[in-house]
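Heavy-atom basis, side chains included; hydrogens, waters and symmetry copies ignored.
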Amino acid sequence: MITREATIEDWDKLFIFFTRVYRSNHPLQNKEFWNWQYGEKQYGRSLICLNENGSIVGHVGANFGGGVAWIINVYLDEECRGKGILGKLYELARNYYPLAATAANEAGLGLYKNMRWIRYYDLVRYVKINPSLNEISTENVCKPTVVNVSNLIIKDTHYFQQPSLKGIILEDGSRAVSQENVGGLRVVDITDVNQIESQAWQIGYNWMDYITSWNDLKTKDLEKKGWVLDYKCFVLGD
């Protein structure tokens, strides 16, 4: 088994692997997206394991930010598990930065526990539904909406250069991702809570959400304005 960093020259093998292990139309099956995610060392690395036939049998993605390598897109073929391969792939990422992860399924949680990772519960998701909506139901709130944000589009950072992502900047300087196909605005950074609400509803969004740290003092302002944690919102909760 060989473990190493992947390059764009590995794309044909990567495509076969991602098509085999992920659902149809997964973003990593798009060459442009993979190159955005892992093509430049300052932003991330794609770490792979190849078997004796030269086929990819394992992958670990590392997204670099804030002096940390955020671990994502982890998969190892079942017959290759328990042989220390993932540990080698993680070590390649650790050569760049200390490791961290934000979410994982049950298998991932077990893996991190075995690796002696420390688990922190810190992230929270706040939700606000457009108060002008008469019917508050999943079907009505999450239905597609027509918005005109062509004059608000931004691509000034690596995150907002992500293929197929529509990033916008609002009048107060708040930044968000427009997801009008499900009626919503996913806020990335809030400058002024009052202004972002006013403009978002004026544009025509049905809902907004914002993921942040529990320690973020902006959450106090959100709560005063009627934003609620996702599990308290039956429409947009888990």
- Minimum heavy-atom distance between P131 and W201, given as atom pair plus value: CD-NE1, 3.5 Å
- Specify the closest pair of heavy atoms between P163 and E32, including all atoms of both residues, with the distance to one decimal. CG-CG, 3.7 Å
Counting C-beta onward and ignoring hydrogens, is there a side-chain heavy-atom pair between [X] and [Y] closer than 4.5 Å?
{"X": "D122", "Y": "N215", "value": "yes"}
{"X": "S46", "Y": "W34", "value": "yes"}
{"X": "V141", "Y": "E135", "value": "no"}

- Message: Let's go through Y126 and D216 carefully: what are the C-alpha distance in whole Å and the side-chain angles of both, what is the deciding distance for side-chain contact (heavy atoms from CB on, under 4.5 Å) to 0.1 Å, and is it a yes or a no?
- Response: CA-CA 12 Å; Y126 279 85; D216 184 353; over 6 Å; no
Using a distance-only test with no angle check, is there a side-chain donor-acceptor pair under 3.5 angstrom linking [X] and [Y]?
{"X": "T219", "Y": "D221", "result": "no"}
{"X": "E197", "Y": "W227", "result": "yes"}
{"X": "Y205", "Y": "S178", "result": "yes"}
{"X": "N206", "Y": "T145", "result": "no"}

Salt bridge [X]-[Y], side-chain N to carboxylate O under 4.0 Å:
{"X": "D10", "Y": "R4", "value": "yes"}
{"X": "K220", "Y": "E223", "value": "no"}
{"X": "D192", "Y": "K218", "value": "no"}
{"X": "R186", "Y": "D209", "value": "yes"}

- Message: Name the residue from I85, V74, T3 that meets the side-chain contact (heavy atoms from CB on, under 4.5 Å) definition with Y90.
- Response: V74
- Task: Starting from the C-alpha separation in whole Å, work towards a yes-or-no answer on side-chain contact (heavy atoms from CB on, under 4.5 Å) for I196 and T191.
- Result: CA-CA 8 Å; I196 193 175; T191 301; over 6 Å; no
Check: [X] side chain, [Y] main-chain N or O, donor-acceptor pair, under 3.5 Å:
{"X": "N53", "Y": "S55", "value": "no"}
{"X": "Q199", "Y": "E171", "value": "yes"}
{"X": "K13", "Y": "E9", "value": "no"}

- Task: Please check if atom CD in Q202 has more than 12 non-hydrogen atoms from other residues, nucleotides or ligands closer than 6.0 Å.
- Result: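 Count not over threshold, so no.
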- May I ask you to check whether over 12 heavy atoms, not counting those of E78, lie within 6.0 Å of atom CD? no
Straight-line distance of [X] [atom1] to [Y] [atom2], nearest 0.5 Å:
{"X": "L170", "Y": "I154", "atom1": "CG", "atom2": "CD1", "answer": "9.0 Å"}
{"X": "K88", "Y": "L47", "atom1": "NZ", "atom2": "CG", "answer": "14.0 Å"}
{"X": "K113", "Y": "I118", "atom1": "NZ", "atom2": "CD1", "answer": "13.5 Å"}

- Message: Parallel, tilted or perpendicular: which one describes the rings of Y22 and H26, with boundaries at 30° and 60°?
- Response: parallel
- Are R23 and F18 in a cation-pi contact, defined as NZ or CZ under 6.0 Å from the six-membered ring centre and within 45° of the axis?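 Because its charged atom misses either the 6.0 Å distance or the 45° angle limit, R23 does not stack over F18.
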- Task: With side-chain contact (heavy atoms from CB on, under 4.5 Å) as the test, would you mind laying out the steps for W36 and H158 before giving the verdict?
- Result: CA-CA 8 Å; W36 169 83; H158 182 252; 3.4 Å; yes
- Query: Could you walk me through whether L86 and V60 pass the side-chain contact (heavy atoms from CB on, under 4.5 Å) check?
  - Reply: CA-CA 8 Å; L86 278 182; V60 167; 3.7 Å; yes
- Using the benzene-type ring in the case of Trp, are the ring centres of H59 and Y75 under 6.0 Å apart?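 Centroid separation for H59 and Y75: 6.0 Å or greater.
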